[in-house]
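Notes follow once the structure below has been shown.
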Amino acid sequence: QVQLVESGGGLAQPGGSLRLSCAASGSDFVINTMGWYHQAPGKPRELVATISSGGSTNYADSVKGRFTISRDNAKNTVYLQMNSLKPEDTAVYYCRAVAARRTTFNSFLFWGQGTQVTVSS
């Protein structure tokens with residue numbers, strides 16, 4: 001199994017910043033693409049940003065220019081720097097990782113437990 005431990009959520013004012021972190025552990029797996037998704041109350045879970053093991057990134061249109069995803073492959077950790085936050089960014093943010101078992105190369109999808117981000121004055 002791969003465990004994903006998220007941190008960094010909380011309360012921010014509109015226009016403020018927060019930084020989320022997600023550390024992946026699981027020695028039997030190779031971590032490939034990692035990403036962040038968010039889910040607001042009553043809405044489906046949606047893509048925020050993803051980053052491949054090679055550093056290629058993909059962003060939702062709603063966060064382009066405001067959020068930056070990055071990763072430290074040595075630490076199997078992915079980060080989400082969120083700037084110019086808006087009230088509509090309020091949601092639970094989930095870390096996701098695609099990981100391949102070292103022995104069989106079968107890929108699996110893992111989710112973190114989620115961290116609340118609230119943007120309010």
Can you confirm whether [X] sits close enough to [Y] that some side-chain heavy atom of one is under 4.5 Å from a side-chain heavy atom of the other?
X	Y	value
Val78	Leu80	no
Val2	Asn76	no
Trp36	Cys95	yes
Thr115	Ser7	no
Met82	Arg66	no

What residues form a ring pair (Phe, Tyr, Trp, His ring centres under 6.0 Å) with Tyr59, not counting sequence neighbours?
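Partners of Tyr59 under the ring pair (Phe, Tyr, Trp, His ring centres under 6.0 Å) test: none.
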Check: Gln13 side chain, Ser121 main-chain N or O, donor-acceptor pair, under 3.5 Å:
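Between the backbone of Ser121 and the side chain of Gln13 there is no qualifying donor-acceptor contact (under 3.5 Å).
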Is the side chain of Arg71 donor-acceptor paired with the backbone N or O of Ser52 at a distance under 3.5 Å, no angle test?
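Yes, the answer is positive, given that a donor and an acceptor are paired below the 3.5 Å cut-off.
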For [X] versus [Y], what's the shortest heavy-atom pair and its separation?
X	Y	answer
Asp61	Lys64	OD1-NZ, 3.1 Å
Ser53	Asn73	O-ND2, 3.0 Å
Tyr79	Ser21	CD2-OG, 3.3 Å
Leu20	Gly9	CD2-N, 3.5 Å
His38	Ala91	CB-CB, 3.8 Å
Leu85	Leu18	CD1-N, 3.8 Å

Give a yes or no on whether Phe110 and Phe105 share a hydrophobic cluster (residues Ile, Leu, Val, Met, Phe, Trp, Tyr; joining criterion: side-chain heavy atoms under 4.5 Å apart).
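Shared cluster, no.
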Hydrophobic cluster membership, with links at side-chain heavy-atom distances under 4.5 Å among I/L/V/M/F/W/Y: are Tyr94 and Val117 in one?
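Per the 4.5 Å side-chain linkage, Tyr94 and Val117 are not co-clustered.
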I'd like to know whether Val92 forms a side chain to side chain contact (heavy atoms under 4.5 Å, CB included) with Tyr37, so could you lay out the CA-CA distance, the side-chain angles of the two residues, the decisive distance to 0.1 Å, and finally the verdict.
CA-CA 8 Å; Val92 178; Tyr37 290 70; over 6 Å; no
Measuring from atom [atom1] of [X] to atom [atom2] of [Y], what distance do you get when rounded to the nearest 0.5 angstrom?
X	Y	atom1	atom2	value
Thr90	Gln116	OG1	CD	7.0 Å
Ser62	Phe67	OG	CZ	7.5 Å
Asn58	Thr50	CG	OG1	4.5 Å

Kindly check if the number of other-residue, nucleotide or ligand heavy atoms within 6.0 Å of CD (Gln1) is above 12?
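Counting neighbours around CD of Gln1, 12 or fewer heavy atoms of other residues, nucleotides or ligands fall under 6.0 Å, so no.
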Does atom CD of Gln39 have more than 12 heavy-atom neighbours from other groups under 6.0 Å away?
yes
If you measure from the Lys or Arg side-chain nitrogens to the Asp or Glu carboxylate oxygens, is any gap between Lys86 and Asp89 under 4.0 Å?
no
Please table the atom pairs, donor to acceptor, closer than 3.5 Å between any side-chain atom in residues 27-35 and protein atoms at least two apart or in another chain.
none

